[in-house]
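Take a look at the structure set out below.
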Amino acid sequence: MSVAADAAAAPVLATSGLTKRFGGKTGQTAVDAVDLTVPRGAVYGFLGPNGSGKTTTIRMVLGLVRPTAGDVRLLGGRMPDDVATVLPRVGALVEGPGFHPYLSGRANLARLDAADRLADPRTSAQRVDEALDRVDLLGSARKRFRAYSLGMRQRLAIAATLLQPRDLLVLDEPTNGLDPQGTREVRTLIGRLNQEGVTLLVSSHLLSEIEQVCTHLGVMRTGRLVAQGSSADVLGSTRPSAEVTTPDTTRAAEVLAGLGLADVSPTPDGVTATLDGVAPEAVVAALVGAGVAVRGFVVRHATLEDRFIELTGGGFDADE
Amino acid sequence: MPTSDALPAAPADAPEVVEPVDAVGRAEQGARPGAVGAWLRFLRSELRLILGRRRNQVGLAVLAAVPVVIAIAVKVADPTSNGDDATFLNQITGNGFFVALAALALEIGLFLPLAVAVLAGDAVAGEANVGTLRGLLVVPVTRGRLLAVKYVALVLGALLGVVLVAVVGLVAGAVLFGLHPVVTLSGTTLGLGAGLVRLLLVVLYVTAYLAALGALGLFVSTLTEQPMGATVGIIILSTAMWILDSIEQLHWLHPWLLVDHQLALVDLLRDPVYTHDLSLGLLTDLAYVVVFLAAAWARFTSKDVTS
Ligand SMILES: Nc1ncnc2c1ncn2[C@@H]1O[C@H](COP(=O)(O)OP(=O)(O)OP(=O)(O)O)[C@@H](O)[C@H]1O
Ligand SMILES: [Mg+2]
């Protein structure tokens, strides 16, 4: 088997036991034994609440921060040792836009391009303008960065990752500060880039923003990766639940338990339970048949939001 | 740069460079200027960044104003009241050539070090502060390459400042006093051409000192994310060295100070040139460059970039 075919089968990014402790041995563990796997061709949604370690993980992946333990395999190389050979194929936006305030958007991109030892200077101006065009900033290309709005800054940062064709784009909170329309445009852009064959790692703490485009998900919680896999796997592990509104709480709970539903628990005005493959209409029939006064009946399908809260919020036993 | 990476090799018509870029990459875009060209391109961009900054332009104007102020002050003042022997000031009325030397001797104590400190503060701490450092590193620019380009740009910036002072000094001197053959400190007379060569040597000697201070500054710049903090730190170090160097009782310390031999630049105006202190000065410069560039490299290549 050829080396190239081997590389195609391997994940674009794989970390094992990746750990970062800030401030010496006694310091805080920002990232704790993370095994990230981003398959080729994926749009990997990297989720987690503020401070859960997403940016720190990304910094280690890109060689900006040295891991305390563990290693990073990126596009066949080992980070941070292979920065010079691997990163030309990676476009990255880390923790918000960082540009020279008194240079124009175009001049800022031209500077990044000039710093790239593999970039062709003859096509520089054209590639800069194409990148600006992709994020709809061509009209403001000559404005100084300091005069850009938050959304324009964010878009310029995305444009900076598009100066070259890439195998992998790492976008840390790309929709931060964007209005709903801008968010949708970024989502569309992500989808289009993915169709062009680019693998994407997109971090966010706002799930609704990327839920629709992700093929894979990884969820961080206090430095640990608590769930990872294809979107269907991560989301599918919650089943739809039934929510009964009734004054006869005890009786209703007995009926639901009798039907074999799991996680039966009382709410202020009724009972909820997980529908373990039992048809909702059968549940309603059983309740009514048992004389429970049913005032309302709702079947809830878990959204990523619910799953996310479940994984990252209190109650879920993720800390072992 | 050839690497032993497990990646598809470059096509046979690009023999010396193994491209790390695969199918979607840039190897197909035809001949590129190569490593040196790419390096120069980054350096040009860095110089444009430095020179395009309004604050730096104002700084250059201030540097250039000093010789003009000196020339005018000497012209306006009563020539007979000029008894100060310490600098080249009292020779100016006889020969405008000395305006340039007087200006350099005056600015070497504060203005030129300040200029270097400002540029050094911007170099690494400044990029970290505005958040452009991480952007450059993921381009990727390797950390060694970034430091090298930053340092060369810093030295070229210093050279520009020194040359500007000398040239403006010559022009102001020529306009107000005329340029004449140069009487050396040894009493001999050099033709104007030979005198200008001596001035060029002074310019290079001062630049060598600033290059050494720049290495120290670059190291300080890797220690912080606050460019102002770095600049102030460098100024404090530089000024402290001048002060310590003026305290006779600390003579044992003097050989270790970067500034100890810098005023030996006057020896370039002797006939023949008195080289003893000058060579000690250059050796000290070299030692500072080596030590602090190594320190900057060690610090920067192992640093976590969390800005
Ligand atoms: N340079 C640093 N020194 C000390 N602690 C740090 C440093 N950088 C990050 N941390 C800590 O590491 C933890 C993870 O931070 P990180 O920025 O990776 O989170 P995040 O998931 O990106 O959060 P957000 O969604 O807010 O961007 C936080 O508790 C943070 O305080
Ligand atoms: Mg973050």
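Chain naming here is simple, since letters A, B, ... match the order of the sequence lines and numbering starts at 1 in each.
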ask   = chain A contacts: which residues in residues 145-156 of chain B have a non-hydrogen atom closer than 4.5 Å to it?
value = B/Arg145, B/Lys150

query = Which of residues 299-307 of chain B have a heavy atom under 4.5 Å from any heavy atom of chain A?
reply = B/Thr301, B/Lys303, B/Asp304, B/Val305, B/Thr306, B/Ser307

May I have the list of side-chain donor-acceptor pairs in residues 70-77 of chain A shorter than 3.5 Å, sequence neighbours left out?
residue, atom, partner, partner atom, Å
A/Asp71, OD1, A/Ser16, OG, 2.9
A/Asp71, OD2, A/Arg78, NH1, 2.8
A/Arg73, NH2, A/Gly76, O, 3.2

request  = Tell me, out of A/Val83, A/Thr55, A/Val94, who's got the most heavy-atom pairs with chain B below 4.5 Å.
outcome  = A/Val94

query = Based on non-hydrogen pairs under 4.5 Å, which of A/Gly91, A/Ala110, A/Gly96, A/Gly197 is most in contact with chain B?
reply = A/Gly96

key: Nearest heavy-atom neighbours spanning B/Val130 and A/His100   = CG2-ND1, 4.1 Å

remark   = Scanning both residues in full, the closest heavy-atom pair of A/Leu64 with B/Leu137 reads CD2-CB, 3.6 Å

Proximal component of [X], with respect to chain B [non-hydrogen, under 4.5 Å]:
{"X": "A/Arg59", "value": "side chain"}
{"X": "A/Val90", "value": "backbone"}
{"X": "A/Pro97", "value": "backbone"}
{"X": "A/Leu103", "value": "side chain"}
{"X": "A/Ala160", "value": "neither"}

ask   = Would you say the side chains of A/Arg117 and B/Thr142 form a donor-acceptor pair under 3.5 Å?
value = no

So for [X], is it side chain, backbone, both, or neither that comes closer than 4.5 Å to the heavy atoms of chain A?
{"X": "B/Arg48", "value": "neither"}
{"X": "B/Glu46", "value": "both"}
{"X": "B/Arg143", "value": "side chain"}

Looking at side-chain heavy atoms only, is the closest gap between [X] and [Y] below 4.5 Å?
{"X": "B/Arg41", "Y": "A/Asp113", "value": "yes"}
{"X": "A/Leu112", "Y": "B/Leu136", "value": "yes"}
{"X": "B/Leu49", "Y": "A/Tyr102", "value": "yes"}

query = What residues form a side-chain contact (heavy atoms from CB on, under 4.5 Å) with A/Pro67, not counting sequence neighbours?
reply = A/Leu18, A/Met60

inquiry  = Test your reading of the model: is there a side-chain donor-acceptor pair from B/Arg134 to the backbone of A/Glu95, 3.5 Å cut-off?
reply    = yes

inquiry  = Taking atom CZ as the centre, does B/Arg55 end up with more than 12 heavy-atom neighbours from other residues, nucleotides or ligands that are less than 6.0 angstrom away?
reply    = yes

task = Inspect the surroundings of CH2 in B/Trp297 and state if more than 12 heavy atoms from other residues, nucleotides or ligands are less than 6.0 Å away.
result = no

